[in-house]
Amino acid sequence: MGFETFERFDDALPALMEELDFKINEPFKDVEKVLCIEPHPDDCVIGLGGTIKKLTDSGVEVVYLLLTDGSMGTTDDGISRHELALTRLEEEKKSAEILGVKKIHALDFGDTELPYTREVRKEIVTVIRKEKPDMVLMPDPWLPYEGHPDHRRAGFLGIEAVSFSGLPNFNRTDLIAGLEPHSVSSVGFYYTHKPNYFVDITDVMETKLRAVRAHKSQFPDDIWELWEPYLRTIALYYGKMSGYKYAEGIRFIPGLFLHICPFAELI
């Protein structure tokens, strides 16, 4: 049926979603590899640890793209930035292992100083072309009251990298290196206040928390006393929205809708 036959938006939108083969109730169907972008070590596990564990258990490969070194994440004035960065990367590896993640790309930009530049965007595009993921997950840059610039910038940089990774004239040095353009059809946002998909993580909640706690420099006993209730409350919040006990919420958007789409919020 040609779209010229539609007279109502309410009829055209479902048809367009069918045309795009975008099924919001089955976003992970046929997905074999997921790239999870995180501003700091521990963001993928905090935002999506339960989902990641379920994906890897089902045979999906999950790859992390870590944008900063996490070197500011301490109140201890006796540890240097360099020492903390090395510690946090080792913690990230241990945490990822718990969730079944075997590969981490680390770009090593300074914590709290993630540049919002073409150069960073190009580096993310290069990783996308190397890994060729079916789906890319990233922080929702529109999360209200988010105070950390690395989080906001990670989301925007991720969106832009996904938008440009299929364009051969963007960062042509990738082509010289043998990396072909790669288009990503599905994008998901974690740390979101407007999820349109939920993952029941009730059965893996304790595993998620164990993986979060592997970041020992971030969660010593005194801090964990507050953060464990905080993380459980967030999972209960998404659970309340979805009917599960513990859940993680993700906002999925078709890649096409990341440009000039006035109705993307309706998806």
Side-chain angles (χ1 to χ4, degrees), residues 22 24 27-28 31 33-52 55 60-70 92 95-96 99 101 103-109 111-112 114-144 146-166 170 182-199 234 238 248-259 261 264-265 267:
F22 183 83
I24 190 58
F28 295 109
V31 169
K33 181 184 285 191
V34 172
L35 180 68
C36 186
I37 298 174
E38 58 181 353
H40 311 103
D42 76 13
D43 278 315
C44 284
V45 63
I46 290 175
L48 290 172
T51 300
I52 290 167
L55 287 173
V60 175
E61 181 182 3
V62 178
V63 177
Y64 286 174
L65 172 52
L66 170 59
L67 301 184
T68 78
D69 60 10
E92 176 73 312
S95 174
L99 299 182
V101 176
K103 185 184 292 187
I104 302 170
H105 293 272
L107 298 190
D108 208 32
F109 291 101
D111 188 355
T112 74
L114 178 63
Y116 184 57
T117 63
R118 176 180 171 84
E119 285 66 34
V120 180
R121 201 176 299 119
K122 286 166 66 176
E123 291 203 43
I124 299 173
V125 166
T126 297
V127 173
I128 291 173
R129 289 171 174 171
K130 284 180 179 178
E131 292 299 334
K132 294 180 169 49
D134 304 299
M135 174 185 291
V136 176
L137 303 173
M138 66 197 75
D140 188 338
W142 295 284
L143 179 67
E146 174 53 65
H148 205 307
D150 290 349
H151 281 238
R152 300 192 302 270
R153 291 172 182 172
F156 285 123
L157 287 163
I159 292 169
E160 293 157 15
V162 166
S163 299
F164 301 154
S165 62
F170 186 87
H182 177 72
S183 296
V184 179
S185 59
S186 183
V187 176
F189 298 99
Y190 63 96
Y191 291 152
T192 183
H193 68 302
K194 289 187 175 181
N196 55 14
Y197 185 78
F198 300 91
V199 178
I234 291 173
Y238 285 132
E248 288 170 345
I250 308 170
R251 182 164 188 81
F252 284 105
I253 299 288
L256 179 65
F257 290 6
L258 294 177
H259 185 47
C261 184
E265 286 195 350
I267 306 305

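These numbers come from the heavy atoms of this one structure, side chains and all, not from hydrogens, waters or symmetry mates.
For the residue pair Ala96 and Ile104, the shortest heavy atom distance occurs at CB-CD1, 4.1 Å. In terms of heavy-atom proximity, Tyr191 sits nearest to His151 at CE1-CE1, 3.4 Å.
Annotation: the span from Arg153 atom CZ to Phe109 atom CZ amounts to 12.0 Å, rounded to 0.5 Å. If you take CD1 on Ile128 and CD1 on Ile37, they are separated by 5.5 Å, rounding to the nearest 0.5 Å. Separating the CE atom in Met138 from the CG atom in Leu35 is a distance of 8.5 Å, to the nearest 0.5 Å. Rounding to the nearest 0.5 Å places CG of Asn196 at 8.0 Å from CD1 of Ile267. Atom-to-atom distance recorded for Leu114:CG and Leu157:CG is 5.5 Å, nearest 0.5 angstrom. Taken to the nearest 0.5 Å, the OH atom of Tyr197 stands 14.5 Å off from the OH atom of Tyr238.
Contact of the Ile234 side chain with the Glu248 side chain is not registered, since no non-hydrogen atoms from C-beta on lie closer than 4.5 Å. Taking 4.5 Å as the limit, some side-chain heavy atom of Val125 sits within range of a side-chain heavy atom of Ser165. For the pair Ile52/Cys44, a side-chain contact is recorded, criterion being any heavy-atom separation below 4.5 Å from C-beta on. Side-chain contact between His40 and Glu92 is absent, with no heavy atoms from C-beta onward closer than 4.5 Å. Between His148 and Pro39, the closest side-chain pair of non-hydrogen atoms is not below 4.5 Å. A 4.5 Å side-chain heavy-atom check between Leu67 and Ile124 finds at least one atom pair inside the cut-off.
Here the side chain of Asp111 pairs no donor or acceptor atom with the backbone of Asp69 at under 3.5 angstrom. At distances below 3.5 Å, at least one donor-acceptor pair connects side-chain atoms of Asp134 with backbone N or O atoms of Lys33. A distance-only check finds no donor-acceptor pair linking the side chain of Glu146 to the backbone of Pro141 [under 3.5 Å].
Within a 6.0 Å radius of NZ in Lys132, other residues, nucleotides and ligands contribute more than 12 heavy atoms.
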### Query
Step by step, would you call Leu48 with Cys36 a side-chain contact (heavy atoms from CB on, under 4.5 Å)?
CA-CA 9 Å; Leu48 290 172; Cys36 186; 4.2 Å; yes
#### Entry: Working for side-chain contact (heavy atoms from CB on, under 4.5 Å), residues Val62 and Leu137
CA-CA 10 Å; Val62 178; Leu137 303 173; over 6 Å; no
### Task
Could you walk me through whether Val187 and Phe257 pass side-chain contact (heavy atoms from CB on, under 4.5 Å), step by step?
CA-CA 10 Å; Val187 176; Phe257 290 6; over 6 Å; no
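With sequence neighbours excluded, no residue satisfies ring-ring contact (aromatic ring centres under 6.0 Å, His included) with His182. Shown here are the side-chain hydrogen bond (donor to acceptor under 3.5 Å, both in side chains) partners of Glu160, two or more places apart in sequence or in another chain: Tyr116, Arg121.
In this pair, Phe252 and Phe28 present their aromatic rings perpendicular. The plane angle is above 60°, beyond the 30 to 60° band.
In summary, of the residues considered (Phe189, Tyr190, Phe156), a side chain to side chain contact (heavy atoms under 4.5 Å, CB included) with Pro139 occurs for Tyr190 alone.
Pairs passing the salt bridge (charged side-chain N to carboxylate O under 4.0 Å, His left out) check and including a residue from residues 38-49, sequence neighbours excluded, read Asp42-Arg88.
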